[in-house]
Q: 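I have a structure I would like to understand better, so I am pasting it below and will then ask my questions one at a time.
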Amino acid sequence: MMKALFSPDGLMGKLFFRAVRGSVRVFLFRWFRLRVEGRERLQLRGGVIIAPAHRSNLDGPLVGSSSHRRVRYLGKDSLFRPAAAGWAMRSLGSFPVRRGEADLDAMRVAKEMLEAGECMLVFPEGTRQEGDAIGEIYDGTAWLASKANVPVVPVGIAGTEVAMPTGSKFPSRVPVTIVVGEILDPPKAADGKRAKRSDLKEWTEQLKDRLHECQARAREMLNE
């Protein structure tokens, strides 16, 4: 009973998650004068992948907290040590993945979560990039969307790279804008059957185009 109570998915874990999300909304949203366009697209029910551009460690908390749902994340395994850190990360919706190698177990868990109706945030570019140009898009997002048969929501975000660049310990007070783009259906073959590698590649190019549009609009809003 006590173990379930204090598990990341138990009452204490859920209270911790709500407290952290509430703090992000109260303090960080105001600190950055955050503006979100298309927020309603983050409220989809059922399994869905939120796919933002990645420029700063602020991207995940700001985009994830803009949804009313508990968003799941992949996090590098070193963030889950020691045990207390692991409990906090899992309570916030994250689960570990080994960096620098193909972690098939993590991808399997992600697929199962999506099939169970979870909402998951995945950075298609993998690591943080600089500037507004969308970097190389890996096929992991396409693979997950295809295998779990879930839609993908592209998101552009501007301002976080200046607010908290790599190496910064405290965010600067600058405006941040988020643009949530049109929803992409999961990859499918032309005949409606299971998507082939060529289908995943074509779909990934569509996602890159959508991300570019969202990023350009986010920058436009920031400069208004």
Q: To the nearest 0.5 Å, how far apart are CD1 in I49 and CE in M113?
A: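 With rounding to 0.5 Å, CD1 (I49) is 13.0 Å from CE (M113).
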Q: Any side-chain heavy atom of P96 within less than 4.5 Å of one from R90?
A: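 In short, these two side chains touch, coming nearer than 4.5 Å.
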Q: If we ignore hydrogens and angles and just use 3.5 Å, is the side chain of D199 paired with the main-chain N or O of K196 as donor and acceptor?
A: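 Indeed, once roles are kept as given, a pair shorter than 3.5 Å links the two residues.
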Q: Under a 4.0 Å N-O cut-off, is there an ion pair linking E125 with R55?
A: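 Salt bridge between E125 and R55, a charged N being under 4.0 Å from a carboxylate O: yes.
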Q: Measuring only between side-chain heavy atoms, which start at C-beta, is P124 closer than 4.5 Å to I137?
A: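 In short, these two side chains touch, coming nearer than 4.5 Å.
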Q: What distance do L200 atom CG and L207 atom CG have between them, rounded to the nearest 0.5 Å?
A: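 One gets 12.0 Å once the value is rounded to the nearest 0.5 Å.
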Q: Determine the minimum heavy-atom distance between R33 and V174, stating which atoms define it.
A: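 Closest approach of R33 to V174, heavy atoms only: NH2-C, 4.5 Å.
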Q: What do the steps show when you test S66 against I178 for side-chain contact (heavy atoms from CB on, under 4.5 Å), and what is the final call?
A: CA-CA 9 Å; S66 295; I178 292 174; 4.2 Å; yes
Q: Please test F17 against R70 for side-chain contact (heavy atoms from CB on, under 4.5 Å), starting from the C-alpha separation and ending with a verdict.
A: CA-CA 8 Å; F17 161 73; R70 185 189 188 200; 3.7 Å; yes
Q: Given side chains that start at C-beta, do those of V152 and I183 come closer than 4.5 Å, heavy atoms only?
A: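 They are not in side-chain contact.
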Q: Regarding K208 and E205, does a basic nitrogen lie under 4.0 Å from an acidic carboxylate oxygen?
A: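 Not counted as a salt bridge, because no side-chain N and carboxylate O are separated by less than 4.0 Å.
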Q: Would one find more than 12 heavy atoms of other residues, nucleotides or ligands at under 6.0 Å from atom CZ of R18?
A: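 Check fails, neighbour count at 12 or below.
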Q: Salt bridge check, D9 against R72: does any charged N sit closer than 4.0 Å to a carboxylate O?
A: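 Yes, R72 and D9 are salt-bridged.
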Q: Can you tell if the side chain of Y73 reaches within under 4.5 Å of the side chain of M120, non-hydrogen atoms only?
A: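 No, their side chains stay 4.5 Å or more apart.
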Q: Can K111 and E115 be counted as an ion pair, charged N to O under 4.0 angstrom?
A: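 Salt bridge: yes.
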Q: Determine whether I50 and V122 satisfy the following criterion, side-chain contact (heavy atoms from CB on, under 4.5 Å), listing intermediate values before the conclusion.
A: CA-CA 6 Å; I50 298 174; V122 176; over 6 Å; no
Q: Would you say the rings of F16 and W87 are close, in the sense that their centroids are separated by under 6.0 Å?
A: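 Yes, the ring of W87 comes within the 6.0 Å limit of the ring of F16, centre to centre.
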Q: Count the heavy atoms of every other residue, nucleotide or ligand shown that sit under 6.0 Å from CD of E220, and state whether that count exceeds 12.
A: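 Yes, the 6.0 Å shell around CD holds more than 12 heavy atoms from other groups.
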Q: Just by distance, do the side chain of E161 and the backbone of G131 share a donor-acceptor pair under 3.5 Å?
A: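 Yes: the side chain of E161 pairs with the backbone of G131.
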Q: Take L74 and S94, measure what side-chain contact (heavy atoms from CB on, under 4.5 Å) needs, and give me the verdict at the end.
A: CA-CA 6 Å; L74 294 116; S94 188; over 6 Å; no
Q: Compare all side-chain heavy atoms of E37 with those of R217 and state whether any distance is below 4.5 angstrom.
A: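 Yes; the side chains approach each other to less than 4.5 Å.
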Q: Please indicate whether E224 has more than 12 foreign heavy atoms, meaning atoms of other residues, nucleotides or ligands, lying under 6.0 Å from its CD.
A: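 Yes, CD of E224 has more than 12 neighbouring heavy atoms, counting only those of other groups under 6.0 Å.
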Q: Tell me if a side-chain donor or acceptor on S56 pairs with a main-chain N or O of P165 at a distance below 3.5 Å.
A: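 Not confirmed, S56 side chain does not pair with P165 backbone.
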Q: Using a strict 4.0 Å threshold on nitrogen-to-oxygen distance, state whether E182 and R41 make a salt bridge.
A: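 So E182 pairs with R41 through a salt bridge.
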Q: Salt bridge check, E112 against K147: does any charged N sit closer than 4.0 Å to a carboxylate O?
A: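 Result for this pair is no, no salt bridge flagged.
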Q: Do D139 and R197 meet the salt-bridge criterion of a basic N to acidic O distance under 4.0 Å?
A: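 Salt bridge: yes.
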Q: Is there side-chain contact between W203 and L184, with at least one heavy-atom pair below 4.5 Å?
A: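 With C-beta onward as the side chain, the pair touches.
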